[in-house]
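In what follows, chains are A, B, ... by sequence order, proteins preceding strands, each numbered from 1. Not measured: the values here are computed from a predicted model.
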Amino acid sequence: MPRRRRLRRIVSPPGFKGYRPYGANSEMSGHIELLYEEYEALKLADYSHMNHLEASKLMGVSRATFARIYESARRKIAQALVESKEIKTAYGDAFLDKDWYVCNDCYVRFTLPHHHRGRRCPICKSERIEMVTQK
Amino acid sequence: MKTVITSTGNEVNSLFDKRFGRAAWFCVLDEATGETKFYQNENKDAQGGAGTKTVEKMVELGVSKVISGDFGPKAKDLLDKFNIQMVIIQDDDVTVDDVIRKIK
Amino acid sequence: MAIKIAIASGKGGTGKTTVSVNLYHFINRLVTPKVQLVDCDVEEPNDLLFFKDSEEVTKETINQLIPRIDNDKCTYCRKCTEWCEYNAIVVIPPVEFAEVNGSLCHSCGACLVACEFDAMKEYPEPIGDVTFYKTQDGNGLAEGRLKIGSAMQTMLIKELKKRVPDDAEWILFDAPPGTSCPVVETVSDADYIVLVTEPTPFGLHDLKLMIEMLKDIKQPFGVIVNKAGLGNNDVYEYLEKENIEIIGKIPFDKDYASKYAAGNLLKDISPETEQRYKEIIEKLKTKL
């Protein structure tokens, strides 16, 4: 049986939907999809200056998996710059999957269907919850 | 609002069952009144498709939240479709009553 | 009628592929060029790696038929879900939901019979490929390759076996490891089964499971002890006690293992190896 992918923790999703090169016809050259976890890996390593071990712990994956995600992120960005491609951010497979949230007080994971109003933990009612994305 | 807590037995002192489709019992909790009712899982030993069958049951019971240890990908897709909230608790050795008290 | 031999083992990595590929090679050289190799390990077919100059002849996509439900015709009566042995159909009347779960469906067709409202219609879904290759000598290699994520191994093996031409005199089936359904499917209509084991505790443990299975389905078999010299003597003691014939012993040889890893199994074969397979083939002939 195919192995299931582990949840990768995203502290905060990117605050943009994508980047577009100017002075080039980017519609012609297409786009790359930067996954949320790739954005997160790049942010932790190159913006927050964490080492891979720290960053991997934060994302809840092994150091090797972190390295792989990070490598993939860098290659995609490089490809976009060199080939004048647009960068679009994507959940990856996550648009099929419901988003998971984690409670930072009681550590349960949960989904938030539309009719559940208020962003609170369904168990301890804490508001200290954050998104976990799956890919 | 009805919540299901997966259970290894048919009373609130039973241990919480971390399996969803193959849980032994389902404890249906009315969060407003605190009333509980137990249903045996007929698909516990099914060869396959226990998770999706269990979702059928959840929809029929009119449940809006399910608390279990994990959800398989097929069950998850269906629960999503019917807007049923999933909650994953990974603690060992907790009883159904412990979970109920946590919610309150 | 072709002679059908299945090469199987309980444990993985005992040498099914090594034995299969060598038998193919030596039967071609010593007995008849009308020998066909069939790689039934559809999850990880690897016989092809040892035929570097092979050429693809035909490739066919194998489909399974999966029903879909026409929501305009469906009355949500749930009869199909009661008939479905595999729990592959979800019907939830209060919300008018009905869906077939393709990954659980075994294409048995029961739901089509069950439905009184003509709401079920089958559509093909690919489960893998069956490919035929021409090799330098012999009839060639047939291979099944399961689509990643599909769980229809047994069905693909069945389809693969159906497509093997019957003009061959000998057909060799390289089975998947284990003792589960795909293995049963591979060995079920063979004339003789060659079990490859290794003299280690794991090899013996899984060999016993395999022998139990073959006794259950009443198929004749003999054992090749591969990597002889490694491990201990338990396997020999067990076989003697159970009165099971050893049809060959292949000594452990590190250089041979490196040749396997480089895909050069059939290059510069040593006279000893040749002699061993000659003897095995002679023994096999007496079994048929």
Side-chain angles (χ1 to χ4, degrees), chain B residues 1-6 17-31 37 39-86, chain C residues 43 64 66-69 71 74-112 114-115 119-120 125 127 146-156 178-182 184-185:
Chain B
M1 196 177 91
K2 277 187 189 169
T3 297
V4 157
I5 300 160
T6 47
D17 200 328
K18 281 161 81 177
R19 298 163 307 173
F20 172 64
R22 295 185 190 282
W25 292 80
F26 302 114
C27 168
V28 180
L29 167 74
D30 188 323
E31 281 199 37
K37 212 169 168 183
Y39 295 86
Q40 195 157 16
N41 181 5
E42 298 136 22
N43 299 298
K44 180 176 176 288
D45 300 313
Q47 261 203 357
T52 50
K53 283 280 156 193
T54 304
V55 178
E56 274 185 29
K57 179 106 189 166
M58 297 297 118
V59 176
E60 273 160 29
L61 289 171
V63 166
S64 55
K65 187 198 288 180
V66 183
I67 305 174
S68 190
D70 203 0
F71 300 90
K74 288 183 240 126
K76 198 161 75 190
D77 283 353
L78 275 177
L79 287 168
D80 273 342
K81 199 170 265 170
F82 298 116
N83 280 316
I84 297 173
Q85 184 173 40
M86 287 165 264
Chain C
E43 283 176 80
Q64 76 171 122
I66 294 185
R68 278 183 225 156
I69 300 171
N71 284 69
C74 180
T75 62
Y76 309 97
C77 71
R78 307 195 67 171
K79 195 172 169 195
C80 55
T81 66
E82 284 154 27
W83 279 46
C84 182
E85 188 57 38
Y86 307 98
N87 282 344
I89 309 175
V90 181
V91 177
I92 311 176
V95 288
E96 300 207 339
F97 178 85
E99 199 176 73
V100 176
N101 198 322
S103 59
L104 291 171
C105 176
H106 282 54
S107 305
C108 70
C111 54
L112 286 104
C115 185
M120 288 279 178
E125 279 289 333
I127 56 167
L146 192 72
K147 203 178 131 203
I148 292 175
S150 172
M152 302 303 288
Q153 297 92 325
T154 310
M155 188 181 201
L156 184 59
T179 50
S180 56
C181 297
V184 177
E185 176 58 38

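Residues C:Asn87 and B:Ala50 approach most closely at ND2-N, 4.5 Å, considering heavy atoms. For the pair B:Glu56 and C:Ile92, the tightest heavy-atom approach, listed with the atom from each and the gap, is CG-CG1, 3.6 Å.
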Practice problem: Determine, step by step, whether B:Leu78 and C:Val90 satisfy the side chain to side chain contact (heavy atoms under 4.5 Å, CB included) criterion, reporting the C-alpha distance in whole Å, the side-chain angles of both residues, the deciding distance to 0.1 Å, and the verdict. | Solution: CA-CA 10 Å; B:Leu78 275 177; C:Val90 181; 4.0 Å; yes

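Contacts of C:Val95 with chain B are made by side-chain atoms alone, with heavy-atom separations under 4.5 Å and no backbone atom involved.
When the candidates B:Lys81, B:Lys57, B:Gln47 are compared by the number of heavy-atom contacts under 4.5 Å with chain C, B:Lys81 comes out ahead.
Contacts with chain B (heavy atom to heavy atom, under 4.5 Å) involve these residues of residues 97-104 of chain C, listed by number: C:Phe97, C:Glu99, C:Asn101, C:Ser103, C:Leu104. Applying a 4.5 Å heavy-atom cutoff, the residues of residues 75-85 of chain C that approach chain B are C:Arg78, C:Thr81.
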